[in-house]
Structure formats: C-alpha cells, structure tokens
Colleague: 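Attaching a single structure in structure tokens format; questions to follow.
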Amino acid sequence: MTSDFASKVPAELEAALRLKTVGYYITKRPWLDLYGKNVRPVAPFGSTSSKPYVDPALIHRSLPDELLYEVFARMTPYDLGKASCVCRKWRYTIRNPVFWRIACLRVWQLSGIVENYKILQSKYEGSWRKMWLLRPRVRTDGLYVSRNTYIRAGVAEWKITNPVHIVCYFRYIRFFHSGKFLYKNSSQKIKDVAKCMNFRASKADCVFSGHYTLSDDRVEAAVLYPGMRPTVLRIRLRLRGTTAGANNRMDLLSLVTSGVDSNEVGGPEEDILGVVEGWQDDETHNPDVPAVSHKRGLTPFVFVPFEEVETSVLNLPVEKMDYFVPG
C-alpha cells in the first residue's frame, strides 16, 4: 500500500528525480582517445547543463604545436588536404597561409618570386590557398599517361579470314619543378614504366629528357631524340581538371617532329625548347628529316599518382578495355 506522501509527489518532481539517475550513453570508440572527443554526448531531455565538454586529444597533449607545424611544413599539399579532415584543430592549422605559400613558390619557381606575388595580388586576392586551387599547374607527384589504340590489319589466311589486331601504346610524361620533364613512348603498362621514369634510367629504357614552359593553362615542351639524324619532338598541351585544383588532364593540341641541325644542339642537357622556340609547324633544319605534324595518337593525358600505378585501370589489357575515355 503506497503512502499518502508518495501519491502527492508532482509529476514534474518525479521526472527531475529520474534525471539524476540517468547517465550518458557513450559508445566506446577507441580512436576518440587519440583524436579527442570534440562533440559532447547528447544530454538526456530536460538537462539544464550548458557547460561545454572539452576532452583534449592525446595526440595534441603529446605533440606540441611547434612540432605539429614542422610536420605539416614537410607534407605535400595533397597530404595536407587529407590531414585537414582529421579534426577541427588540424583543419584550422593547415589553413595557415605559410604552408600554401611554400607550395606555390615551389611549383611556380620558374616564374620568380616577384612575379608570383604580383599574380597573387591581382588574380587571387592575396590568398595562397586560392592560388593553389585555381591557378593551372603541372603535377609532379605522378605520371601523365596517354593511352592510344588503333586497328591494324593482319595477314589473311587461306583467303577466308581477314584478321585485325588492336594495337595499344602509351605516351608517358613526368614533370619536374625545375622546368625539365621525362618522356617515354612505349607499349609497356604504367606499373612497369613508373620504375624507370627518372634521370637514372639507362639508354635501354628509352627515357628522354626535355624542357617545358607553362603559361596560364598552356604547356610548351620539347624533347630531343639523339642519333645520326637528331630529331626534336615538339608538344603543345592544355591543362585542365575534372575538379577545381585537380589538374589531372592534359589535352594534346599538337605533336610535331622535325629535324634539327647537329650544330644547333650542344648536348642532351641543353635547353632544346629554347632552340626550337618560334619554329613553325612545317619548319625543319635538316632536309633529311622532314617536319611531320601527327594527327593520330592525340588522346588526352590522364594523371596517375605514383601510389596508384599498380591499381590503375590503364594496366588492363586490350582484351578487357579496348578503348579508354579520359573524360
């Protein structure tokens, strides 16, 4: 039998008494101990507590801000973008313009510091991060790959079948901030070519070095094929991206091969682009090597980061992917 006092307890007071015994239901998440619990668990209905709940992250207590700054200063801009997704503090720290200024001056070092500052103020409102995202630039953390296919007629057998073959070959370009690039034309897959796309490659790898210039979204490049009849390959490209700041596509505007006088070239390390600058498409300086403007094999280049060369779809054989649409 209930007492009279218990029957007279107001409903509001009974609800308040129940709140004191209700605890927070927090799902155990081990990673919160590392990155911190930045969001307070939802309090039970009717709680009057407004005190913010802050649990500093273990990584923030163990790693001083000075060391965190040094770590971020040594990361690539793409890794900075990934790190900014870890927590709010990292995101605000990575927005420091110092990190983006270092990245911009490294990428556009050929333009000079003064010219970069002029472009920063005139086009990008003084924001280095905005300049990084919107200004066209060549990427150096991977390879630009152009996959080309064509059909070649085979040898007829017994006048019954007329076989055809699908031939697949690639153009590879790797850029460097210094104004140099490496070029290779091969039928090998990207996972095999990525290993030799460096300046230590042997002659058997058939990797040739050249020079390039970048003006807005246009790339002018030239590479020299040495030999008894030196031939220069002139390439005109246009940079674009599938998203802002991606710069992961390059349209091949023109591809011209022409002869060059051996007296005009001092060696493979000479800036061949400066030698052929201003040449017309049909101009050649060696009558034995006529100028040829190629109309085939102009598939746009697709950028593939080094960490994706093993898993890229460009490694698929023609039996599984006869034609590739860059997009």
Side-chain angles (χ1 to χ4, degrees), residues 65-66 68-84 90-144 173-183 199 209-223 234-254 269-281 300-303 305:
D65 292 344
E66 294 79 6
L68 188 64
Y69 179 89
E70 293 296 332
V71 172
F72 288 157
R74 287 162 173 77
M75 294 173 64
T76 64
Y78 297 97
D79 291 335
L80 286 175
K82 297 175 182 178
S84 64
W90 284 24
R91 183 179 65 189
Y92 290 154
T93 305
I94 288 172
R95 283 185 174 270
N96 190 324
V98 174
F99 302 129
W100 303 101
R101 181 184 63 189
I102 295 173
C104 290
L105 294 180
R106 183 186 300 121
V107 170
W108 293 289
Q109 59 182 261
L110 296 179
S111 301
I113 298 179
V114 177
E115 184 65 22
N116 283 323
Y117 271 91
K118 290 181 180 179
I119 296 175
L120 175 72
Q121 299 298 332
S122 61
K123 295 184 178 181
Y124 304 104
E125 303 173 353
S127 173
W128 290 103
R129 184 173 177 272
K130 187 176 181 179
M131 180 178 177
W132 173 265
L133 291 175
L134 300 181
R135 186 179 177 184
R137 53 184 164 74
V138 294
R139 296 183 58 172
T140 59
D141 56 328
L143 302 177
Y144 285 94
I173 295 180
R174 180 184 179 184
F175 291 98
F176 296 88
H177 295 315
S178 60
K180 294 184 178 182
F181 77 99
L182 296 176
Y183 178 83
F199 289 104
S209 63
H211 293 77
Y212 75 94
T213 58
L214 175 63
S215 178
D216 292 333
D217 62 341
R218 300 302 176 97
V219 179
E220 296 279 344
V223 60
R234 291 176 285 163
I235 310 172
R236 292 187 181 93
L237 305 159
R238 180 177 60 223
L239 266 171
R240 60 183 177 90
T242 54
T243 58
N247 296 290
N248 54 358
R249 298 290 188 272
M250 283 199 307
D251 296 325
L252 190 52
L253 302 180
S254 67
E269 297 298 329
E270 185 177 351
D271 185 3
I272 188 62
L273 184 60
V275 176
V276 301
E277 186 177 6
W279 284 22
Q280 301 297 323
D281 290 346
F301 284 84
V302 177
F303 182 79

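Because only heavy atoms are used, hydrogens play no part in the values below, and waters and symmetry mates are left out as well, while side chains stay in. A quick note: this is a predicted structure, and the numbers were derived from the prediction, not measured.
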Colleague: Once you round to the nearest 0.5 Å, how far does CH2 of W100 lie from CG of L133?
Modeller: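 Between W100 CH2 and L133 CG, I get 6.5 Å after rounding to 0.5 Å.
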
Colleague: Step by step, would you call V302 with R249 a side chain to side chain contact (heavy atoms under 4.5 Å, CB included)?
Modeller: CA-CA 5 Å; V302 177; R249 298 290 188 272; 3.4 Å; yes

Colleague: Taking all non-hydrogen atoms of both residues, which atom of S209 and which atom of L182 are closest, and how far apart?
Modeller: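 Residues S209 and L182, closest heavy atoms: CB-CD2, 3.7 Å.
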
Colleague: Taking side chain as C-beta onward, heavy atoms only, is L143 less than 4.5 Å from F301?
Modeller: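 No, every pair of side-chain atoms sits at 4.5 Å or beyond.
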
Colleague: So, applying side-chain contact (heavy atoms from CB on, under 4.5 Å) with Y117, which one of I113, V114, I119 is it?
Modeller: I113

Colleague: CE of M131 to CD of Q121: how many Å apart, nearest 0.5 Å?
Modeller: 10.0 Å

Colleague: In chain order, what residues pass the ring-ring contact (aromatic ring centres under 6.0 Å, His included) check against Y183, with sequence neighbours excluded?
Modeller: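 If we apply the ring-ring contact (aromatic ring centres under 6.0 Å, His included) test to Y183, skipping adjacent residues, there are no hits.
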
Colleague: How close do P77 and A103 get, counting heavy atoms only, and between which atoms?
Modeller: CG-CB, 3.5 Å

Colleague: Return yes if some donor-acceptor pair links the side-chain N/O of T76 with the main-chain N/O of D79 below 3.5 Å, else return no.
Modeller: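 Side chain of T76 to backbone of D79, a donor-acceptor pair under 3.5 Å: yes, one is there.
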
Colleague: Check side chain to side chain donor-acceptor pair (under 3.5 Å) between T140 and all other residues, then give those that pass, not counting sequence neighbours.
Modeller: H177

Colleague: Tell me whether the rings of Y212 and F175 are parallel (<30°), tilted (30 to 60°) or perpendicular (>60°).
Modeller: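 It falls in the perpendicular class, over 60°.
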
Colleague: Suppose the criterion is side chain to side chain donor-acceptor pair (under 3.5 Å): which pairs have a residue in residues 238-247, not counting sequence neighbours?
Modeller: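 Non-adjacent pairs meeting side chain to side chain donor-acceptor pair (under 3.5 Å): R238-D251, R240-D251, T242-N248.
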
Colleague: Y69: what forms a ring-ring contact (aromatic ring centres under 6.0 Å, His included) with it, not counting sequence neighbours?
Modeller: F99

Colleague: Can you check whether R218 reaches L253 side chain to side chain, under 4.5 Å on heavy atoms?
Modeller: yes

Colleague: What do the steps show when you test L252 against L237 for side chain to side chain contact (heavy atoms under 4.5 Å, CB included), and what is the final call?
Modeller: CA-CA 5 Å; L252 190 52; L237 305 159; 3.3 Å; yes

Colleague: Do other residues, nucleotides or ligands put more than 12 heavy atoms under 6.0 Å from the CD atom of Q280?
Modeller: no

Colleague: Can you list every side chain to side chain donor-acceptor pair (under 3.5 Å) pair that touches residues 122-137, not counting sequence neighbours?
Modeller: Y78-R137, N116-R135, E125-K130

Colleague: Please, which pairs that meet salt bridge (charged side-chain N to carboxylate O under 4.0 Å, His left out) have at least one residue in residues 90-110, sequence neighbours excluded?
Modeller: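 Counting only pairs at least two positions apart or across chains, no salt bridge (charged side-chain N to carboxylate O under 4.0 Å, His left out) contact touches residues 90-110.
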
Colleague: Give the intermediate values and the outcome of side chain to side chain contact (heavy atoms under 4.5 Å, CB included) for residues L239 and Y144.
Modeller: CA-CA 11 Å; L239 266 171; Y144 285 94; 4.0 Å; yes

Colleague: Using a 6.0 Å cut-off, check whether atom CD of E277 has over 12 heavy atoms from anything other than its own residue.
Modeller: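 Open: at most 12 neighbouring heavy atoms sit under 6.0 Å from CD of E277.
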
Colleague: How far apart are the closest heavy atoms of G142 and R174, and which atoms are they?
Modeller: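 In this case the closest contact between G142 and R174 is O-CG, 3.9 Å.
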
